[in-house]
Participant: 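First the structure, then my questions, so here it is.
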Number of protein chains: 2
Amino acid sequence: MAGLEYVPLEKLLHQISGRWTMYILWILDTNGKLRFGELKRKVEGISTKVLTERLRMLEQAGIIHRHYEAEIPPKVSYELTEQGKELSEPLYQLCELATRWYGDEHN
Amino acid sequence: MAGLEYVPLEKLLHQISGRWTMYILWILDTNGKLRFGELKRKVEGISTKVLTERLRMLEQAGIIHRHYEAEIPPKVSYELTEQGKELSEPLYQLCELATRWYGDEHN
DNA sequence: CGGTATCCGTGTTGATACTG
DNA sequence: CAGTATCAACACGGATACCG
């Protein structure tokens with residue numbers, strides 16, 4: 001039987017879909033590098049646990065990069081990788097389509 | 001708080017992601033109109049319940065069209081709507097990207 | 001043929017409390 | 001500041017049996 005990875009597209013969609021994920025990517029795409037706290041404030045309503053999960057997942061997928069500075073207080077920031085930026089283009093198209101279908105009240 | 005529909009893109013991705021969904025769309029895109037049984041045979045391993053769920057969901061989203069003929073035996077076929085076909089283009093791009101990232105052993 | 005109905009295991013999401 | 005740990009709630013996938 002096929003399994004989840006049969007089509008690479010399914011694997012990719014599996015990574016970028018799911019609650020919050022796209023929103024996080026969108027915000028990183030439009031804002032550039034952000035610290036954990038800033039990100040959490042912009043993705044209003046997300047819990048630290050879920051944000052952490054998403055960031056780890058995206059990092060492992062090579063879509064975002066985590067930059068850690070061992071200071072006091074600790075400073076950690078995230079940004080899209082070059083690979084991650086490749087998503088912008090097709091995603092923007094899908095977004096345009098989604099906006100056309102479902103309205104643009106929320107951008 | 002935001003909710004699932006905050007970004008239209010999330011709503012769209014929510015609809016087309018999830019196990020089997022993309023695969024179903026892919027098959028309808030490449031094969032054209034198909035009957036329930038044919039579809040089920042092509043999406044090897046899927047249960048009737050899940051296939052039905054996905055088809056209902058996609059139908060409600062306006063992505064596929066259900067054509068019912070009250071014969072004996074009953075004949076029901078599915079195909080992409082014009083709206084559904086709009087997905088092909090951006091999806092194809094994402095697919096190219098996914099293939100480049102994750103390999104093309106499986107097409 | 002083309003589905004429904006039911007049930008259940010598992011994964012995902014999330015709130016809350018706590019830590020280096 | 002940037003998380004980890006824990007536990008509860010729920011959505012999702014899938015097997016099986018039955019129906020018009």
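As a basis for the values below, the full set of heavy atoms in this structure was taken, side chains included, without hydrogen atoms, waters or symmetry mates. Numbered from 1 within each chain, the chains take letters A, B, ... in sequence-line order. From a predicted model like this one, the values you see are computed outputs, not experimental measurements.
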Participant: Return the set of residues passing side-chain hydrogen bond (donor to acceptor under 3.5 Å, both in side chains) with B:K33 (not counting sequence neighbours), or none when no residue passes.
Facilitator: none
Participant: Is any side-chain N or O of A:R19 closer than 4.0 Å to OP1 or OP2 of D:dA11?
Facilitator: no
Participant: In this structure, how many angstroms lie between the P atom of D:dA11 and the CD atom of B:Q15, rounded?
Facilitator: 17 Å
Participant: Is the side chain of A:N31 donor-acceptor paired with the backbone N or O of A:I27 at a distance under 3.5 Å, no angle test?
Facilitator: yes
Participant: Can you find a side chain N or O atom of A:R35 that sits less than 4.0 Å from OP1 or OP2 on D:dC1?
Facilitator: no
Participant: Considering just the side-chain nitrogens and oxygens of A:R54, establish if one lies under 4.0 Å of OP1 or OP2 belonging to C:dT13.
Facilitator: yes
Participant: Just by modelled atom types, is the A:I63 backbone N or O under 3.5 Å from a matching donor or acceptor in the A:T81 side chain?
Facilitator: yes
Participant: Give every residue pair that meets the salt bridge (Lys or Arg N to Asp or Glu O under 4.0 Å) criterion with at least one member in residues 52-78 of chain B, sequence neighbours excluded.
Facilitator: B:K49-B:E53
Participant: Grab the CD-C1' distance between B:E71 and D:dG20 for me, whole Å please.
Facilitator: 16 Å
Participant: What is the distance, rounded to the nearest whole Å, between atom CG of A:L39 and atom P of D:dG3?
Facilitator: 10 Å
Participant: If only atom types and distance count, is the side chain of B:E10 paired as donor or acceptor with the main-chain N or O of B:V7 below 3.5 Å?
Facilitator: no
Participant: Using whole Å, what does the distance between atom P of nucleotide C:dT12 and atom CG of B:L13 come to?
Facilitator: 17 Å
Participant: Checking contacts here: which listed nucleotide (C:dT13, D:dA2, D:dA15) is nearest the side-chain heavy atoms of B:S47?
Facilitator: D:dA15
Participant: Can you list the residues that meet the side-chain hydrogen bond (donor to acceptor under 3.5 Å, both in side chains) rule with A:Q83, with sequence neighbours excluded?
Facilitator: none
Participant: Would you call the rings of A:Y92 and A:W26 parallel, tilted or perpendicular, where under 30° means parallel and over 60° means perpendicular?
Facilitator: parallel
Participant: Can you check whether B:H14 has a side-chain N or O nearer than 4.0 Å to OP1 or OP2 of C:dT13?
Facilitator: no
Participant: When you match A:P74 and A:G18 each to their closest nucleotide on DNA chain C, which lands nearer the 5' end?
Facilitator: A:G18
Participant: For the helix from C:dC1-D:dG20 to C:dG20-D:dC1, what is the angle between the axes at its two ends, each from 5 pairs, rounded to 10°?
Facilitator: 50°
Participant: Please give, in whole Å, the distance from C:dT19 C1' to A:I72 CD1?
Facilitator: 14 Å
Participant: Atom CD of B:E69 and atom P of C:dG2: how far apart are they, to the nearest Å?
Facilitator: 10 Å
Participant: Provide, to the nearest angstrom, the distance between the CD1 atom belonging to B:I24 and the C1' atom belonging to D:dG13.
Facilitator: 13 Å
Participant: Quick one: is C:dG14 close enough that its OP1 or OP2 comes under 4.0 Å of any side-chain N or O from A:W20?
Facilitator: yes
Participant: Looking at B:L25, B:L51, B:V43, which hits side chain to side chain contact (heavy atoms under 4.5 Å, CB included) with B:W20?
Facilitator: B:V43
Participant: What string of B, S and - do you get for nucleotides 3-8 of chain C 5' to 3' if you count protein non-hydrogen atoms under 4.0 Å?
Facilitator: SB-B--
Participant: Could you measure the distance from the CD1 atom of A:I46 to the OG1 atom of A:T52? Nearest 0.5 Å is fine.
Facilitator: 8.5 Å
Participant: Got a sec, which residues hit side chain to side chain contact (heavy atoms under 4.5 Å, CB included) with B:E96, two or more places apart in sequence or on another chain?
Facilitator: B:R100
Participant: Whole Å only: how far is the CD1 atom of B:I46 from the C1' atom of D:dG13?
Facilitator: 10 Å
